[in-house]
Amino acid sequence: MLTSPALDSLARQLAGVLASFNLSTTSFGQPEVVRKAADAAAEAFQGYAKARPSKADAYAAALAFMRGQQLDERQRDLVAGALSERIREQSNGCALGHRNLAGLLDTYSQEASAGDLWRLTWFGLLGSYFSFNPAKAAESEHAGWEKLRVFLRRTWPLIDQQSETKVVPDWVTVMRDDPDLVSDKAAHRYALDYLRGDETAVKKLSADLAIPESSWFWHALVLSAVRRSTEQPDDKFKAAIPQLLNLISERPVYRDEALELLLTRYRRCVDVTVHPQLRDYVCRKDVWRNPKLRAAGLATAWNRVGDDVWRMVLQWVNKANLRDFFEVLAARRQADEGRLEFWSQYMEQISWTRLIFSSQTRTLAWSNEGIRNLIAREEDSYATMSSNADVDAFMMQLGDYLVVEFSKVPNAAYIYKANELPFEPYSREYTGTTADLKHGYRQQCAARLMHMHGWQSTARYELQKLGIYPDQPAVGTGRRATQAGGGARTPPLEPPATGRPAHTGTDGAPKGATFSMESLQRLVAEFPRARIDDRRKGTGGGRLWVEDPMQHSRLERWLKQWGFRWAEGRSAYYYPEG
């Protein structure tokens with residue numbers, strides 16, 4: 001609040017401005033003199049309209065408020081601009097988290113309704129609103145800040161009515177132009193320009209409203225940039241991801257909300273192949289961590305997104321682990337033997353992976369950047385090998401089975417039933433002998449794959465006996481066509497066809513569909529845990545649904561070709577009949 005001396009000083013300043021131009025002796029033919037006088041007066045007016053009380057006085061008023069003292073009228077005006085100020089004598093808390101904040105805001109509301117709330121006091125409250133730093137705030141302070149925003153949004157129309165003059169402060173003009181500044185869309189209109197690197201508008205806003213660098217607004221601006229980018233087409237959205245991740249790193253207050261938006265939008269893209277930068281950022285140990293740790297309760301942030309999104313990123317991680325194991329670890333001994341190419345055929349079915357590093361590999365990490373990055377990415381997830389100093393291992397779960405591969409031949413690959421493992425899959429250490437990972441060498445296991453010349457055909461046959469088939473679509477036209485690159489045969493499956501006559505619905509298929517119910521049943525039966533949920537027979541006008549908890553990308557491609565659509569709310573596919 002401006003004191004009487006301050007008002008007297010302002011009056012003297014305005015009088016001095018007018019006197020300095022000696023308007024009484026100015027000829028009417030000198031409009032520039034009048035203009036200069038007007039500009040100087042306007043500048044003085046704007047200074048008054050944005051005047052702030054002394055920091056010491058505002059701090060003292062905030063301290064009195066937090067001590068529970070009754071405030072007089074002057075103190076209420078002073079504390080308005082210091083609600084976000086940290087008070088040392090009150091454990092560095094701020095008035096926004098005080099239990100009496102609601103009563104103070106009610107007093108301001110009553111004054112605003114009666115037309116008695118000073119415009120500068122409201123401007124002080126606006127300053128407290130923008131000065132709030134959420135990175136250092138307690139939960140109660142966050143809640144108080146929300147109450148302040150509600151108050152400002154409710155009372156702004158009353159303050160606006162008080163300012164129905166042609167000459168108004170800059171901040172009133174700003175608020176009239178963008179009243180959403182006191183809403184949850186405060187940064188919405190500036191987000192796309194900011195994302196493109198054009199900060200002209202937001203810098204002007206910052207200057208007009210004196211928004212500090214530590215304000216929540218800059219974090220909200222990043223979140224709004226993410227929201228706006230998710231509204232763009234796939235290509236523009238993906239192109240913006242690197243810049244968005246940089247902004248999130250710089251302003252991390254709303255990081256989790258931003259990542260939830262990014263990942264969910266990415267899952268809706270036509271092409272959901274791995275985005276390395278997004279994967280590496282979200283899987284960092286100081287961000288959301290490895291999605292494999294969700295089941296162990298060590299990466300709970302993954303619960304923010306649906307299973308389909310989690311599985312998408314999990315598949316990205318699994319694919320990277322598979323590649324790195326054979327290209328980085330096994331390749332050191334020229335021991336790949338085509339294993340990367342072989343297991344890549346089953347990538348969509350790999351639901352979990354784990355790397356087991358030998359002591360030699362951990363030592364090499366000091367000098368080998370590739371191995372160092374691999375171990376860092378798998379922190380809190382990998383295990384160690386105690387007996388074999390130069391042999392690494394790789395676990396991957398395919399449906400109901402767990403496969404254990406080793407980096408060094410002639411070690412075989414062992415396949416165990418996932419619910420009958422002879423070892424603990426989350427153990428921190430293994431011997432790598434018949435006591436655990438090679439238990440199947442002496443005891444019964446589901447299959448044991450030897451990597452001799454031509455081993456792929458035998459391995460494919462052994463996997464087929466376990467009900468595990470490659471992800472790749474069948475080649476040929478036969479009802480039991482041969483898989484590309486081998487002799488194993490797939491279950492009967494009629495591939496999607498385009499240009500077929502539309503079904504009349506007599507076989508139970510939707511009218512006008514290019515598939516029969518028999519072909520849909522055969523398609524869905526090939527994918528573990530996928531099922532058809534036909535709700536058309538009821539009286540509620542239901543739809544034909546296909547549920548696929550494993551989110552197989554090949555099933556998705558075929559369903560979309562047949563005209564099925566994805567329902568985000570149910571996380572399933574439906575046929576849009578009618």
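Reckoned from all heavy atoms, side chains included, excluding hydrogens, waters and symmetry mates. The structure presented is a predicted model; accordingly, all values stated were derived computationally and were not measured.
No hydrogens or angles considered: a donor-acceptor pair under 3.5 Å links the side chains of S109 and R154. Side-chain atoms of T300 and N303 include no donor-acceptor pair closer than 3.5 Å.
A cation-pi arrangement is absent between R304 and W288 under the rule of less than 6.0 angstrom and at most 45 degrees off the ring axis.
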Show your reasoning for whether ring-ring contact (aromatic ring centres under 6.0 Å, His included) applies to W316 and Y266.
CA-CA 13 Å; W316 292 353; Y266 200 96; 5.2 Å; yes
Report the C-alpha distance between R289 and D380 in whole Å, list the side-chain angles of each, state the deciding distance to 0.1 Å, and finish with yes or no for salt bridge (charged side-chain N to carboxylate O under 4.0 Å, His left out).
CA-CA 9 Å; R289 307 179 73 180; D380 296 330; 2.4 Å; yes
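In this structure the side chain of R228 never reaches within 4.5 angstrom of the side chain of L195, judged on heavy atoms. For the pair D160/M175, no side-chain contact is recorded, criterion being any heavy-atom separation below 4.5 Å from C-beta on. Counting heavy atoms from C-beta outward, L293 and W302 have side chains that stay 4.5 Å or more apart. Looking at heavy atoms from C-beta onward, T353 lies out of side-chain contact with L322 at the 4.5 angstrom threshold.
Taking the charged nitrogens against the carboxylate oxygens, E378 and K292 do have a contact shorter than 4.0 Å, which makes a salt bridge. Taking 4.0 Å as the cut-off between side-chain N and carboxylate O, R294 and D307 count as a salt-bridged pair.
Considering all non-hydrogen atoms of both residues, S427 and E429 come closest at OG-O, 2.9 Å.
You'll find the ring centres of Y129 and W216 inside the 6.0 Å limit.
Of the candidates F357, F394, Y382, F325 forms a ring pair (Phe, Tyr, Trp, His ring centres under 6.0 Å) with just one, namely F394.
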